[in-house]
Amino acid sequence: MSAAPVRVRFAPSPTGFLHVGGARTALFNWLYARKHGGTFILRVEDTDDARNTQEAVQVIYDGLKWLGLDWDEGPLVGGEFGPYFQSQRNAIYERYLGQLRDAGHLYDDAGATRFRSLRQTVRVEDAVCGSIDFDLSDPATHPDMTIRRPDGSWIFHFVNVVDDIEMKISHVIRGEDHLSNSPKHVELYQALGVKPPVFAHIPLILKKDGKGKMSKRDEGSSVASYMVDGYAPEAVRNYLCLLGWSPKDNREKIEIADVIPLFDLDKINRGNAAFDLEKCAWLSGEYFREMTNERHRELARPALERAGIDLSAFPPAYVDAALDTCKGKVRLLKDLPAYAGFYFTDDFTYDPQAAAKHFTAESKPRLEAARDALAALEPFDALAIEAALKALTAQFRIKIAMLLHPLRLATTGSSAGPSLYHLLEVLGKEKILARVERALSHI
RNA sequence: GACCCUAUCGUCCAGUGGCCUAGGACAACGGCCUUUCAAGCCGUGAACACGGGUUCGAAUCCCGUUAGGGUCGCCA
């Protein structure tokens with residue numbers, strides 16, 4: 001066994017879209033590197049420069065960063081094997097092309113450069129799928145691959161292999177859709193006189209019904225969609241770990257630090273997996289519930305800002321306290337503005353169904369009594385509020401729910417929300433009294 | 001069509017010859033708890049694709065069938 005250092009890479013093409021399957025490929029590479037103290041490299045395969053834009057590259061950075069997948073070499077961080085954009089590696093490709101040409105592996109075909117297959121049986125050693133033999137003897141089914149177009153631009157197979165050689169990649173961990181490409185790549189390694197890396201083809205992510213691989217049009221196929229919907233990033237990363245891998249002990253929620261030592265290539269499943277957004281959302285809820293208040297605020301603030309709520313108009317301590325009462329109450333942050341909006345505007349409407357039910361003649365005197373009790377209350381905290389409201393139930397001889405429902409509706413406009421006692425404490429006396437007054441006028 | 005991969009509840013995962021009358025999770029359904037909504041707790045239904053072998057014994061090993069997925073580009 002050689003002690004060659006583990007060097008893996010994620011090599012996306014900047015299309016302006018980071019596929020969730022690509023993200024998982026990046027994750028598995030990252031896990032493997034972290035487990036072995038290796039190097040995780042980001043390489044941008046922008047051979048088709050018509051599509052290559054700064055925004056498209058940014059999408060990749062943003063998605064990886066959001067998932068917490070930091071790269072050790074690549075754009076933004078540098079490294080000794082750069083540049084990390086294929087569009088900037090032309091001289092290197094020319095050099096390797098010359099090597100192949102000198103060895104007689106190439107021929108011209110209408111201006112394009114093609115690699116003459118050795119017409120052999122190629123064995124691909126795959127850490128996930130095992131050894132697979134491919135018979136390349138029939139040109140009809142395995143035509144010679146083109147490696148350079150007439151316009152001088154490069155084809156994926158060639159530059160991908162050259163870069164993996166140049167960057168000393170030890171393990172090529174990629175989607176199973178590349179499995180059939182591997183024998184071609186192995187032939188290139190042979191022609192270049194380089195020992196191929198270890199391959200590991202990981203199963204594909206299928207759409208929810210399992211019919212075909214998840215594609216751009218499918219819900220949840222883009223990492224950006226999870227960012228927009230407000231999933232907990234650690235939950236999406238956790239869910240991705242569980243697609244094709246498992247800790248073997250029935251754990252579902254598992255910290256990434258606990259995944260690293262357990263992860264290994266030969267533990268990866270061979271079968272494709274359908275993506276279950278529902279379970280991913282459930283995990284998101286679990287993470288929100290258990291994360292620290294600070295982490296939750298950090299994620300929640302931008303979600304509210306994006307919905308047009310200007311948090312800077314409120315005292316930071318108020319915003320923090322308000323967000324803390326909402327932590328773990330929604331699974332996705334996109335639902336937070338509707339859930340917590342009442343904290344940040346007095347101009348809300350009453351849920352019509354709830355109003356019909358709770359803004360009644362009976363509730364009017366109760367609301368008035370609650371208003372008076374709260375007005376006189378000192379100190380004004382959740383505990384005291386609870387005690388004061390409970391005292392009222394004896395007076396009216398009702399279950400406390402009969403008092404809390406109308407009060408919640410009056411102060412938040414909704415029949416669902418954070419703990420009423422806590423929300424009232426955060427809202428404060430002044431707002432509460434004004435809101436109850438407004439509600440009374442509607443009854 | 002050719003080649004390659006795969007095959008356990010609707011979905012994800014556990015199970016690597018006996019501990020399996022197959023376990024967990026999401027989802028579904030029922031109940032409890034409860035200041036709303038969630039959450040939590042308890043419970044129910046739900047699977048080894050099929051056919052042959054091998055073996056004292058198979059979800060686990062072999063072969064075939066079927067089904068699903070992938071690849072067959074001057075896309076990556």
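Bear in mind the structure is a predicted one, so any value in this text is a computation, not a measurement. The basis for the numbers below is simple: all heavy atoms, side chains too, and nothing from hydrogens, waters or symmetry mates. In what follows, every chain begins at residue 1, and chains take the letters A, B, ... in the order their sequences are listed.
- Nearest nucleotide to the side chain of A:I132, out of B:C12, B:C5, B:U36: B:C5.
- Of all heavy-atom pairs spanning A:P233 and A:R295, the tightest one is CG-NH2, 3.6 Å.
- The phosphate of B:A27 (OP1 or OP2) has a side-chain N or O of A:R331 nearer than 4.0 angstrom.
- In this entry B:A76 has no Watson-Crick or G-U wobble partner, no candidate having both defining distances under 3.5 Å.
- Comparing B:C63 with B:A25, their P atoms sit 36 Å apart, to the nearest whole Å.
- Figure legend. B:C19 is base-paired to no nucleotide; pairs are counted as Watson-Crick or G-U wobble with both atom distances under 3.5 Å.
- Using a 4.0 Å heavy-atom cutoff across all strands shown, A:P418 reaches at least one base atom of the nucleic acid.
- In this structure, B:U65 and B:A49 make a Watson-Crick or G-U wobble pair, each of the two defining distances being under 3.5 angstrom.
- The residue A:P203 sits apart from the nucleic acid: no heavy atom pair falls under 4.0 Å.
- Contacts of A:Q86 with the nucleic acid, taken as non-hydrogen atoms under 4.0 Å apart, are absent.
- Residue-level contact check: A:E252 touches the bases, meaning some heavy atom is under 4.0 Å from a base atom.
- Within the 4.0 angstrom heavy-atom criterion, no nucleotide atom of any strand lies near A:H201.
- A:S246 comes within 4.0 angstrom of sugar-phosphate atoms only, judged by non-hydrogen atoms across all strands, and of no base.
- For the C1' atoms, the distance linking B:A14 with B:C20 amounts to 12 Å, nearest Å.
- Taking atom C1' in both B:A58 and B:U8, one finds a spacing of 14 Å when rounded to whole Å.
- Regarding contacts with the backbone of B:C74, a side-chain N or O of A:R114 is found under 4.0 angstrom from either OP1 or OP2.
- Across every strand in view, B:C29 sits in a pair with B:G43 that passes the Watson-Crick or G-U test at under 3.5 angstrom.
- In this structure, A:G212 reaches the sugar-phosphate backbone alone: every heavy-atom distance under 4.0 Å involves primed, P, OP1 or OP2 atoms, never a base.
- On the P atoms, B:C50 is 35 Å away from B:C41, given to the nearest whole Å.
- Using a 4.0 Å heavy-atom distance criterion, A:L420 is classed as a base contact.
- No engagement by A:G328 is indicated, since no non-hydrogen atom pair under 4.0 Å with the nucleic acid exists.
- Across the C1' atoms, B:C48 and B:C61 are found 15 Å apart, a figure rounded to whole Å.
- In this structure, the side chain of A:S284 engages the main chain of A:R331 through a donor-acceptor pair within 3.5 Å.
- As judged by a 4.0 angstrom heavy-atom cut-off over every strand, A:N272 is placed among residues touching the sugar-phosphate backbone only.
- Of the candidate nucleotides B:C26, B:U36, B:A76, B:C26 has the atom lying nearest to any side-chain atom of A:W282.
- Summarising the base pairing, B:C12 is matched to B:G24 through a Watson-Crick or G-U wobble pair whose two defining distances lie under 3.5 Å.
- When the side-chain nitrogen and oxygen atoms of A:R149 are compared with OP1 and OP2 of B:C75, one or more of them lie within a distance under 4.0 Å.
- Here A:Y339 lies in heavy-atom contact (under 4.0 Å) with a base.
- Distance from the side chain of A:D177 is smallest for B:G70 among the nucleotides B:C13, B:C74, B:G70.
- Note: A:H405 and A:H358 have parallel aromatic rings, judged against thresholds of 30 and 60 degrees for the angle between ring planes.
- Residue A:N269 places at least one side-chain N or O under 4.0 Å from the OP1 or OP2 atom of B:A14.
- Side-chain contact between A:R237 and A:E234: present, with at least one pair of heavy atoms (C-beta onward) separated by less than 4.5 Å.
- The side chain of A:E176 approaches B:G70 more closely than any other nucleotide in the set B:G70, B:A76, B:C12.
- Residue contacts shown for A:F275 are absent, as no nucleic acid heavy atom lies under 4.0 Å away.
- Between A:F199 and A:H201, the two ring planes are parallel [angle under 30°; tilted spans 30° to 60°].
- Applying the 4.0 Å criterion to OP1 and OP2 of B:G15, one finds that A:K248 has a side-chain N or O inside that range.
- Residue A:T141 places none of its side-chain N or O atoms closer than 4.0 Å to OP1 or OP2 of B:A2.
- Checking B:G24, B:G70, B:C74 against every side-chain atom of A:L204, the shortest atom distance belongs to B:G70.
- Note that A:R89 lies outside the cation-pi zone of A:F85, set by a 6.0 Å cut-off to the ring centre and a 45° limit from the axis.
- Between B:C72 and A:K184, no contact under 4.0 Å exists linking OP1 or OP2 to a side-chain N or O.
- Looking at heavy-atom distances under 4.0 Å, A:A273 makes contact with sugar-phosphate atoms alone, never a base.
- The same atom, C1', is picked in B:G15 and in B:G52; the two are 24 Å apart, to the nearest Å.
- Nucleic acid contact for A:H142: none, since no nucleic acid atom lies under 4.0 Å from a heavy atom of the residue.
- Relative ring orientation between A:Y226 and A:F275 is described as tilted, the plane-to-plane angle lying within the 30° to 60° band.
- The same atom, C1', is picked in B:U60 and in B:C74; the two are 48 Å apart, to the nearest Å.
- Phosphate proximity of B:A76 to A:T47: present, with a side-chain N or O under 4.0 Å from OP1 or OP2.
- When the shell of 6.0 Å around CE of A:M402 is examined, it contains 12 or fewer heavy atoms from other residues, nucleotides or ligands.
- Taking the C1' atoms as reference points, B:A59 lies 15 Å from B:C19, given to the whole Å.
- Cation-pi contact between A:K329 and A:Y339: absent, since separation from the ring centre below 6.0 Å together with deviation from the ring axis within 45° is not met.
- Of all nucleotides present, none satisfies the Watson-Crick or G-U wobble test against B:U54 with each distance under 3.5 Å.
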